[in-house]
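All values derive from a computational prediction rather than experimental measurement.
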Number of protein chains: 2
Amino acid sequence: MQGNLIRTAIVEDDQEIRQLLQLIIGRSPGFTCEYAFESAEEAIRELPKSRPDLILMDINLPGMSGIEATAQLRVLLPNTDILMLSVNEDDDSVFDSLCAGASGYLLKETPPAALLEAIREAKSGGAPMSAQIARKVVRSFRQQTKPDLTERESEILAMLCRGDNYRTVADAIFVSTNTVKAHIKNIYRKLEVHSRAEAVSRAIRNKWV
Amino acid sequence: MQGNLIRTAIVEDDQEIRQLLQLIIGRSPGFTCEYAFESAEEAIRELPKSRPDLILMDINLPGMSGIEATAQLRVLLPNTDILMLSVNEDDDSVFDSLCAGASGYLLKETPPAALLEAIREAKSGGAPMSAQIARKVVRSFRQQTKPDLTERESEILAMLCRGDNYRTVADAIFVSTNTVKAHIKNIYRKLEVHSRAEAVSRAIRNKWV
DNA sequence: CGGACAATGACCCATTTGGGGCATTTTTTA
DNA sequence: TAAAAAATGCCCCAAATGGGTCATTGTCCG
């Protein structure tokens with residue numbers, strides 16, 4: 001970003017929308033929009049040369065999806081923000097896009113002023129998205145209520161998630177391996193699992209550790 | 001919520017701020033704020049009786065923290081939204097609050113109009129938070145670039161994360177346990193781990209599965 | 001005071017796992 | 001088309017794991 005100028009690119013297969021967006025952004029002070037592509041493949045081929053500040057990426061592209069393209073471009077252009085363009089609000093794919101590395105998303109019918117504002121917000125470190133998606137994202141953060149593990153058990157479960165074995169755990173908390181075994185047996189009973197992998201999986205997925 | 005009335009509660013140890021917030025909210029049309037507590041313990045004891053629509057929760061409370069209180073209240077009051085109150089913007093604890101179940105947060109010096117707007121946004125399914133925090137939340141969603149596992153290897157790694165053992169995996173993909181072993185050996189080599197727990201841990205934490 | 005539970009530890013034993021090597025066939029890629 | 005990689009499979013073996021039972025000690029709560 002030179003000065004305040006935000007250099008953008010568009011990846012959108014619908015010619016009308018693509019040109020409209022390019023027009024809106026391109027003639028707004030403080031923005032340029034020199035790059036517009038109609039496919040993810042083309043964008044991935046060309047964008048690393050131009051290295052824009054921000055990419056508007058259609059989610060539903062023919063061929064490689066916008067989500068897959070986002071995942072790839074994030075690696076190629078680590079300093080470039082990507083905002084997804086979606087038609088419908090509540091799409092699961094919006095959520096997947098964030099996982100793939102998008103910084104936010106906006107609806108295609110977003111009015112010009114809000115569009116520019118979202119781009120500014122993204123480049124200033126924000127994450128423009130609708131209230132519904134924001135809540136969904138936050139919700140998936142919540143840790144589930146964890147079973148009634150004792151202090152010791154929680155401690156040991158955390159160590160199992162680090163990959164520690166009986167011996168290592170025992171040495172770390174100054175007890176015998178037999179004790180560790182006993183605790184782990186109780187953990188398994190409480191979590192209703194029968195293997196280390198299962199216990200670790202449950203613990204991490206539910207954000208208990 | 002009866003009609004459009006939003007019944008709020010406040011948990012804040014600073015008397016001045018508590019009363020100020022209560023005043024602002026209480027005399028705004030469409031809001032009530034009958035409950036105000038100066039400690040998490042008190043709130044947890046009293047709030048299940050009154051069941052407000054939304055709780056404003058100070059993050060830094062003496063005794064039980066606002067984060068811990070949030071975790072507990074989420075269980076007691078599943079239909080109540082919780083918004084955190086923080087002094088500083090970028091606090092890590094804000095992030096932890098979202099993990100504990102908060103729906104968003106706002107700064108204590110938020111002007112009255114924005115405060116009410118944030119409460120409305122929360123109750124209408126949103127997640128009011130600053131751009132910086134939103135981005136941080138989104139960023140922690142990103143899956144890391146995963147090592148070059150083959151299709152088969154990815155498939156088996158996912159099964160390990162479900163707790164499957166050699167035998168189960170082998171039966172599921174119609175190969176011998178020896179083959180499964182061979183694949184798992186390759187997975188371990190590529191992930192640079194030496195146990196199932198470690199592999200599962202890395203895979204889930206990095207959102208490869 | 002007695003029961004419940006947590007933490008500690010031991011023993012036994014079958015099964016699983018991890019690591020090493022080696023070989024064949026198929027698929028992919030240069 | 002030749003080389004590389006992937007997928008399949010087998011052998012061996014030491015170490016780790018999971019599950020069972022039992023015992024002791026201390027703490028906490030009714």
Side-chain angles (χ1 to χ4, degrees), chain A residues 41 44-45 63-64 68 72 145-205 208-209, chain B residues 41 44-45 63-64 72 145-206 208-209:
Chain A
E41 291 82 357
I44 289 174
R45 196 168 55 244
M64 183 190 297
E68 176 59 26
Q72 295 198 22
T145 49
K146 88 164 132 179
D148 252 342
L149 299 185
T150 67
E151 274 302 308
R152 244 325 183 226
E153 287 161 358
S154 297
E155 188 183 8
I156 291 176
L157 180 57
M159 301 183 76
L160 295 188
C161 292
R162 294 203 326 243
D164 293 358
N165 60 18
Y166 288 142
R167 177 81 266 145
T168 314
V169 172
D171 289 349
I173 64 176
F174 305 108
V175 297
S176 77
T177 54
N178 283 313
T179 300
V180 175
K181 281 192 59 167
H183 284 304
I184 292 181
K185 271 189 273 197
N186 289 330
I187 292 173
Y188 287 1
R189 183 173 40 75
K190 291 183 182 177
L191 300 193
E192 299 176 273
V193 299
H194 304 279
S195 78
R196 192 153 301 200
E198 258 186 295
V200 168
S201 179
R202 296 268 312 270
I204 298 180
R205 277 194 216 274
W208 297 333
V209 290
Chain B
E41 291 82 357
I44 289 173
R45 197 167 55 242
M64 184 190 294
Q72 295 199 20
T145 49
K146 88 165 135 180
D148 253 341
L149 298 185
T150 67
E151 274 301 307
R152 243 327 182 225
E153 287 162 356
S154 296
E155 187 184 8
I156 291 176
L157 180 56
M159 302 183 76
L160 294 188
C161 291
R162 294 202 328 241
D164 292 359
N165 59 18
Y166 289 142
R167 177 80 267 143
T168 315
V169 172
D171 289 350
I173 65 177
F174 306 108
V175 298
S176 76
T177 54
N178 284 313
T179 300
V180 175
K181 281 191 59 165
H183 283 304
I184 291 181
K185 271 190 273 196
N186 289 329
I187 293 173
Y188 286 2
R189 183 175 40 76
K190 290 182 182 177
L191 301 192
E192 298 176 274
V193 300
H194 304 280
S195 78
R196 191 151 303 197
E198 259 186 294
V200 168
S201 178
R202 295 268 313 267
I204 299 180
R205 279 194 216 274
N206 292 317
W208 298 332
V209 291

Within the structure shown, what part of the strands sits under 4.0 Å from S176(B) by heavy-atom distance: base, sugar-phosphate, or nothing?
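Sugar-phosphate contact only.
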Students often get this wrong, so: under 4.0 angstrom with heavy atoms, is T179(B) touching a base, only sugar-phosphate, or nothing?
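The answer is base, as T179(B) lies within the cut-off (heavy atoms under 4.0 Å) of a base atom.
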Would you mind reading off the distance between [X] atom [atom1] and [N] atom [atom2], rounded to a whole angstrom?
| X | N | atom1 | atom2 | answer |
| --- | --- | --- | --- | --- |
| R189(A) | dT21(D) | CZ | P | 12 Å |
| H183(B) | dA6(D) | NE2 | P | 11 Å |
| L157(A) | dA6(C) | CG | P | 16 Å |
| E155(A) | dT8(C) | CD | C1' | 14 Å |
| I187(B) | dA6(D) | CD1 | P | 12 Å |
| I156(A) | dT8(C) | CD1 | C1' | 11 Å |
| D171(A) | dA16(D) | CG | C1' | 15 Å |
| N186(A) | dA7(C) | CG | C1' | 10 Å |

Without swapping roles, check the side chain of S201(B) against the backbone of C161(A) for a donor-acceptor pair under 3.5 Å.
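Confirmed, S201(B) side chain pairs with C161(A) backbone.
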Does the Y166(A) side chain pair with the main chain of S176(A), one donor and one acceptor, at a distance under 3.5 Å?
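No: the side chain of Y166(A) does not pair with the backbone of S176(A).
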So H183(A) and T179(A), do their side chains get closer than 4.5 Å, heavy atoms only?
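Answer yes - side chains close enough.
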Is there side-chain contact between I173(B) and I156(B), with heavy atoms separated by less than 4.5 Å?
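Yes - at least one pair of side-chain heavy atoms lies under 4.5 Å apart.
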Given R152(B), which of V180(B), I187(B), V175(B), N186(B) fulfils the side chain to side chain contact (heavy atoms under 4.5 Å, CB included) condition?
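Of the listed options, the one satisfying the test is V175(B).
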Inter-residue atom distance E198(B).CD - R196(A).CZ, 0.5 Å rounding:
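With rounding to 0.5 Å, CD (E198(B)) is 11.5 Å from CZ (R196(A)).
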Rounded to the nearest 0.5 Å, how far does CG of L191(B) lie from CD1 of I184(B)?
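These two atoms lie 11.0 Å from each other.
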Return no unless some side-chain N or O of R152(A) is found under 4.0 Å from OP1 or OP2 of dT8(C).
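For dT8(C), OP1 or OP2 has a side-chain N or O of R152(A) closer than 4.0 Å.
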Quick one: is T150(A) getting a side-chain N or O under 4.0 Å of the dC5(C) phosphate, OP1 or OP2?
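Indeed not, no polar side-chain atom of T150(A) lies that close.
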Where protein sits on nucleotides 11-30 of chain C, one letter per nucleotide: B base, S sugar-phosphate only, - none, heavy atoms under 4.0 Å
BB----BBBBB---------
Could you list all N or O pairs between the protein and nucleotides 22-30 of chain D that sit under 3.5 Å apart?
none

When E153(B) is tested against each of K185(B), R189(B), K190(B) for salt bridge (charged side-chain N to carboxylate O under 4.0 Å, His left out), which residue passes?
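Going through the options one by one, the only one that passes is K190(B).
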Would you say the side chains of T168(A) and N165(A) form a donor-acceptor pair under 3.5 Å?
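Indeed, the side chains of T168(A) and N165(A) share at least one donor-acceptor pair under 3.5 Å.
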Check every atom of dT8(D), dA7(D), dG9(C) against the side chain of E151(B) and return the nucleotide holding the closest atom.
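Per side-chain heavy atoms of E151(B), the pick is dA7(D).
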